[in-house]
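Here's the structure, in structure tokens; my notes come after.
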Amino acid sequence: MGARGPAAASTSDRREEGGLRERKKRRTRATIHAAALGLALERGLDQVTVEEISAGADISVRTFFNYFPSKTAAVLGVTVDPLGDEDRKHFLAGAGNPVGDLCGLLVSHVTVPADLGALRRLVAERPELVDDVGPQMSAIRKDLTALTARRTGDERTAELAVSLVLTAFGVTIHSESGAVDDLAATLRRTVREIGELAR
């Protein structure tokens, strides 16, 4: 019994350390986004540099590029993380209609800023900014569709399910009433509302 205690404590410590690192990364990402968006709204995106955003966020330019590939990406504040092996296993182990699980999976891998109101104002003036996240969303769409096809055994069902969830995600993000505090719940509600309209 004595030999197991330290090992268990070590595992717990590693998990806590990993959680602290993730929270710090989220805070840093949010700080960079806030600095970028504030400068872009104040002066226009074309008049803002990565160096100025980095200074506003109190980080180095090198650190900036660890979080965002460009100043446009920083202004949008949207990041898309690839699906991990554990995520795939968990999703494939699910049963029944995959839509609800797809909502949770998507939200856990796509990070959106909390200040959607300010972001919408900027995008309304510069709609081409959204193109910056297009390739990332296309990649995760392809990945989710292939994964859902494996779970359901039917490519058509997979395409429809992923299309429904991504459409609902777009509506949620662009809606003035989109609640970011619980994006997964809001996304599932939007899916239900779309389903009601289709009846």
Side-chain angles (χ1 to χ4, degrees), residues 18-19 21-34 36-37 40 64-92 94 97-124 126-151 158-194:
R21 279 199 303 267
E22 283 304 311
R23 287 195 291 274
K24 183 178 179 181
K25 285 173 64 176
R26 285 196 295 269
R27 285 196 299 269
T28 301
R29 182 182 289 115
T31 299
I32 297 170
H33 164 66
L37 182 59
F64 173 93
F65 285 111
N66 286 337
Y67 286 87
F68 294 102
S70 67
K71 65 179 182 180
T72 301
V75 166
L76 291 173
V78 177
T79 56
V80 182
D81 298 321
L83 303 180
D85 291 340
E86 288 301 316
D87 301 309
R88 296 173 187 277
K89 289 178 184 177
H90 182 74
F91 180 80
L92 290 173
N97 191 323
V99 169
D101 290 342
L102 277 170
C103 289
L105 191 58
L106 180 65
V107 167
S108 68
H109 288 78
V110 179
T111 303
V112 297
D115 50 352
L116 285 179
L119 184 59
R120 289 189 197 104
R121 291 197 299 273
L122 184 62
V123 171
R126 298 281 300 274
E128 71 276 10
L129 295 180
V130 179
D131 295 341
D132 194 76
V133 296
Q136 298 176 71
M137 293 304 294
S138 294
I140 199 168
R141 180 192 188 105
K142 183 177 179 180
D143 210 1
L144 288 174
T145 301
L147 193 63
T148 306
R150 286 181 59 191
R151 170 167 157 171
E159 291 174 358
L160 289 173
V162 173
S163 294
L164 173 59
V165 171
L166 288 177
T167 297
F169 183 78
V171 170
T172 300
I173 296 304
H174 289 95
S175 171
E176 289 298 328
S177 60
V180 182
D181 289 341
D182 193 348
L183 187 55
T186 305
L187 179 56
R188 291 187 179 98
R189 185 176 69 244
T190 304
V191 165
R192 290 194 299 272
E193 290 169 348
I194 293 174

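This one's a predicted model, so the numbers in the text were calculated from it and none came from an experiment. Excluded from the calculations below are hydrogen atoms, water molecules and symmetry mates; all remaining heavy atoms, backbone and side chain alike, are included.
Nearest heavy-atom pair across Cys103 and Val191 is SG-CG2, 3.9 Å. Heavy atoms only, all atoms of each residue included: Leu122 and Ala40 are closest at CD2-CB, 4.0 Å. Ala149 and Ala158 get closest at one heavy-atom pair: N-CB, 3.4 Å.
Among residue pairs with one or both ends in residues 69-82, those qualifying as side-chain hydrogen bond (donor to acceptor under 3.5 Å, both in side chains) are Thr79-Thr111; sequence neighbours excluded.
Taking NZ from Lys24 and OG1 from Thr28, the interatomic distance works out to 6.5 Å, rounded to the nearest 0.5 Å. Note that NE2 of His33 is 15.5 Å distant from OH of Tyr67, once rounded to the nearest 0.5 Å. Atom CG of Leu102 sits about 9.0 Å away from atom CG of Leu164, to the nearest 0.5 Å.
Each of Val78, Leu76, Val75 was compared with Asp132 under the side chain to side chain contact (heavy atoms under 4.5 Å, CB included) criterion, and only Leu76 meets it.
In this structure the side chain of Val171 never reaches within 4.5 angstrom of the side chain of Glu193, judged on heavy atoms. At a threshold of 4.5 Å between non-hydrogen side-chain atoms, the residues Arg23 and Arg27 count as touching. For the pair Asp143/Arg88, a side-chain contact is recorded, criterion being any heavy-atom separation below 4.5 Å from C-beta on. Asp87 is not listed as a side-chain neighbour of Leu147, based on a closest heavy-atom distance of 4.5 Å or more. Within the 4.5 Å cutoff, side-chain heavy atoms of Phe169 are placed close to those of Leu183. Residues Leu105 and Leu83 form a side-chain contact, since some pair of their non-hydrogen atoms from C-beta on lies under 4.5 Å apart.
Remark: Arg126 pairs with Asp46, Glu128 by the salt bridge (Lys or Arg N to Asp or Glu O under 4.0 Å) rule, at least two apart or across chains. Residues passing the side-chain hydrogen bond (donor to acceptor under 3.5 Å, both in side chains) test with Arg151 are Asp101, sequence neighbours excluded.
Panel note: side chain Arg141, backbone Val162; no donor-acceptor pair is recorded below 3.5 Å. No donor-acceptor pair closer than 3.5 Å links the side chain of Thr148 to the backbone N or O of Thr145.
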Query raised in the report: Which is it for Ile140 and Leu106 under the side chain to side chain contact (heavy atoms under 4.5 Å, CB included) test, yes or no, and what are the steps along the way?
Result: CA-CA 8 Å; Ile140 199 168; Leu106 180 65; 4.3 Å; yes
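For Asp85, the CG atom is loosely surrounded, since the number of other residues' heavy atoms within 6.0 Å does not exceed 12.
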